[in-house]
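Following: one structure in structure tokens, then a few remarks.
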4 protein chains.
Amino acid sequence: MRSENGTSGQKSRSFIEEARRAQIVAAAIEVIAEAGYGQASLARIAKHAGISKGVISYHFAGKDELMEEVVERTYGGIAEHVMARMEGLTTATELLRAYVLAVAEHMRGHRAQLAALGEIFHNFRDADGKPRYGVHTSEQIYQTLEHFYRMGQESGEFRDFDVRVMAVTQSAAIDNMFAYWAAHPEHDLDAHANELADLFERACRA
Amino acid sequence: MRSENGTSGQKSRSFIEEARRAQIVAAAIEVIAEAGYGQASLARIAKHAGISKGVISYHFAGKDELMEEVVERTYGGIAEHVMARMEGLTTATELLRAYVLAVAEHMRGHRAQLAALGEIFHNFRDADGKPRYGVHTSEQIYQTLEHFYRMGQESGEFRDFDVRVMAVTQSAAIDNMFAYWAAHPEHDLDAHANELADLFERACRA
Amino acid sequence: MRSENGTSGQKSRSFIEEARRAQIVAAAIEVIAEAGYGQASLARIAKHAGISKGVISYHFAGKDELMEEVVERTYGGIAEHVMARMEGLTTATELLRAYVLAVAEHMRGHRAQLAALGEIFHNFRDADGKPRYGVHTSEQIYQTLEHFYRMGQESGEFRDFDVRVMAVTQSAAIDNMFAYWAAHPEHDLDAHANELADLFERACRA
Amino acid sequence: MRSENGTSGQKSRSFIEEARRAQIVAAAIEVIAEAGYGQASLARIAKHAGISKGVISYHFAGKDELMEEVVERTYGGIAEHVMARMEGLTTATELLRAYVLAVAEHMRGHRAQLAALGEIFHNFRDADGKPRYGVHTSEQIYQTLEHFYRMGQESGEFRDFDVRVMAVTQSAAIDNMFAYWAAHPEHDLDAHANELADLFERACRA
DNA sequence: GATGAATGAGCGTTCATTCAT
DNA sequence: TATGAATGAACGCTCATTCAT
């Protein structure tokens, strides 16, 4: 998302600054994934990163900003990979299958990110106590899926169904596939993803 | 220590003891649902219940036991209702549809329980830092669903598919239906449940 | 200020609660007087009182409430004593002299309170960064003094002068008398007070 | 270490060094005046000056030295102006009136300096916890005033009074005039100063 | 000369738990 | 049974200072 434009006038972070932020984000991901959001104190993250506690405060405005950056970077990585895998596909059936498989493929190599993302989504709250992320944050994903469903319905590939329910369900199915895999590391993620693709193809098709 | 049961080995509780525990559990559910697990301190729960903080410590060994009782009681309520609704049904298709609808029906009247359950599942960890509940805790639900799937596959109602993936998916679909409903209270829960029943019927059938 | 009415329905603090608050306030006064507002951390106050840091948080909503209680109790003590000493006096000249001498008399036995009050006045700020106390807090004192000046001007005892300037000046003269005394403990406070009374009598009289 | 003066033993500073120090002192004055001593962190002062935090540490041995320089420069400015205004005057009455008016005249144009000076006086403490400035620091001012009082007493202009009490009082009266003005910017400082001059003339005269 | 990065101690506050009454 | 008092550890965060570049 951040510009790598050499001619732009926008200020950019120094190399060392960027490296530190990345290091801290990585440490945060590992600690959150392992110990859970509630135990992921700045002290613990700093210790895991091998740095002083104050360094985090120096590079991030606060814990909130750190959490947001974890989400941002992780999401960015997923989106980038999935977009690439879906490029050039045209039918709704193909797109949906590619979507499921691409997310699974990417996550297979980023298990901790996955767990951390879930922890943050379920726990991170604003100062006013409202969840910072959550179902309402998934709106973008829902709309993307709904777009594919409508494509399929208009092309005749898919039957008539409630696209919102289908989007919520498919999104949940994918999320839980990862949760199950996280709890059962020997579970065959790719096979699961293929089963899911079949499942939703059958659930959608005319 | 506090009671001795004359006819059996299992310990029993006095009426007043039982009432206090129920009151505290109810307060805990409301606080967790509203403020989240992280903000649900014993002080806050006690205040919400209109009792002294020490009472909780008196009736429960610790916060952990309280959380476990919240889960136990909530789960018990769901199971009781769902079992009743499924009684007498014989085909896998019927059983699965009844399952989805019964859970939805029960939860419609217990929104706070639902939210609290989710918070606890996602946050409660043992002293060693491992999640106390989670995907592995759902094993019983998975096996129940798998039992139905196999019934359907043997009777010819259902096609051949990976029953574990289907169970994980259907379970997730139901959980997320509630999460979505919690975030969008105007959402039509019963319609969603019916859509889900259709969806999985199509996904399963031969 | 707090009612000691036995029949009133208003809730009152328990004896032990009141004692702890008084103890903490006393410790705060001593620490602030000795080390200054900036060094008067809750940890230091607690250590001085021989209690755990958490006790202060238990009995006071926060540091701000503690500081306000210090001011309240100290001010109350001064006002009570000065009022008693001025009772029955009628001429402006008498009232002003009694005022100066009574404040000095009271403060002679409460040196630490005096110093703490000054520290808090000069340093305690609201969350928004504005001074919590300060010149504007002295308004009540100014108006009391102005009332006496006007009495003297109307009775012909005093010449015509700007009562606000005189009030600000006399108030400052008294405050600084204490500050000087605090820095020079061997200084004769009563003699100073008498000189001040003479000084302002000459400055005011017709 | 950074310079060697050819003609005297006293160390001198380069032009750029001097400019930097002046810039930092000016920024410190503004921040202290606005936010108070307690909030005047080096980071905040540096940001206000538009420089890096380390620059302050480079030019000053520490925060203490910076504070001392603020006081020194501010005091120097006042003294310079007051001395000029008193030059050529001979009677004690004239000198005292000129003193009060000159200080007021100068401060009218240096409100932030005034506020900063007060903040530092009331808060700045040595490493051992003792106030760095305070009543005892005013000794020089007291002695100057006392010198004038004695002149007046010897010439017969003034009555017999305790010169120390008068000096402390007049000094406090002037300080508080500024404090009042700082809190009530619409207050007429010059009129106040004239009232003060009258007041002390009457308080002193034979 | 100047900088930004890093440190570590200390801050006010929250909290689960213990305990005497 | 029930309470409120007390504890002590941990939390996120701020800060003056140090230092390599």
Side-chain angles (χ1 to χ4, degrees), chain A residues 13-17 19-21 38-46 49-67 127, chain B residues 2 14 16-17 19-20 38-46 51-67 127, chain C residues 13-17 19-21 38-46 49-67 127, chain D residues 2 14 16-17 19-20 38-46 51-67 127:
Chain A
R13 290 200 175 82
S14 72
F15 172 75
I16 191 163
E17 162 83 1
R20 264 282 189 250
R21 286 178 73 97
Q39 310 307 318
S41 67
L42 294 190
R44 193 159 175 175
I45 293 169
I51 57 176
S52 157
K53 199 171 56 161
V55 180
I56 299 179
S57 295
Y58 180 77
H59 289 285
F60 292 91
K63 194 180 185 181
D64 289 9
E65 192 189 296
L66 171 57
M67 293 300 133
Chain B
R2 277 196 292 276
S14 75
I16 193 164
E17 163 84 2
R20 265 279 189 252
Q39 310 306 319
S41 67
L42 293 190
R44 194 161 174 173
I45 293 168
I51 58 175
S52 155
K53 202 169 54 160
V55 182
I56 300 179
S57 297
Y58 180 78
H59 289 284
F60 294 91
K63 195 180 186 181
D64 290 8
E65 193 189 297
L66 171 56
M67 293 299 129
Chain C
R13 290 200 175 83
S14 72
F15 172 74
I16 192 163
E17 162 83 2
R20 263 282 188 253
R21 286 177 74 96
Q39 309 306 318
S41 68
L42 294 190
R44 193 159 175 175
I45 293 168
I51 57 177
S52 157
K53 198 170 57 159
V55 181
I56 300 180
S57 295
Y58 179 76
H59 289 284
F60 293 90
K63 194 180 187 183
D64 289 8
E65 192 189 295
L66 171 56
M67 292 300 132
Chain D
R2 278 197 292 277
S14 75
I16 193 162
E17 164 84 1
R20 264 280 190 252
Q39 310 305 320
S41 67
L42 292 190
R44 194 160 173 173
I45 293 168
I51 57 175
S52 156
K53 202 169 52 160
V55 181
I56 300 180
S57 297
Y58 181 78
H59 289 284
F60 293 91
K63 196 182 185 180
D64 290 7
E65 192 189 299
L66 170 56
M67 293 300 129

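Each chain gets a letter, A, B and so on, in the order its sequence line appears, and its residues count up from 1. Not measured: the values here are computed from a predicted model.
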Contacts of type side-chain contact (heavy atoms from CB on, under 4.5 Å), residue [X], not counting sequence neighbours:
X       : result
C:Glu17 : C:Arg13, C:Ser14, C:Arg21, C:His59
C:Ala19 : none
D:Ser52 : D:Val55

Rounding to 10 degrees, work out the angle separating the end axes of the helix from E:dA2-F:dT21 to E:dT21-F:dA2 (five pairs an end). 20°
For [X] and [N], give me the distance from atom [atom1] to atom [atom2], rounded to whole Å.
X       : N      : atom1 : atom2 : value
D:Leu66 : F:dC15 : CG    : C1'   : 15 Å
C:Phe15 : F:dG4  : CZ    : C1'   : 16 Å
A:Ile45 : F:dA10 : CD1   : P     : 16 Å

B:Leu42 side, atom CG; B:Phe60 side, atom CZ - distance, nearest 0.5 Å: 10.5 Å
Could you tell me the separation between the NZ atom of A:Lys53 and the OG atom of A:Ser41, rounded to the nearest 0.5 Å? 8.0 Å
Could you list the residues that satisfy side-chain hydrogen bond (donor to acceptor under 3.5 Å, both in side chains) with C:Arg44, not counting sequence neighbours?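 Residues passing side-chain hydrogen bond (donor to acceptor under 3.5 Å, both in side chains) with C:Arg44: none at all.
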Can you give one letter per nucleotide of nucleotides 5-15 of chain E, 5' to 3': B if a protein heavy atom sits under 4.0 Å from the base, S if only from the sugar-phosphate, - if neither? BBBB-BSBBBS
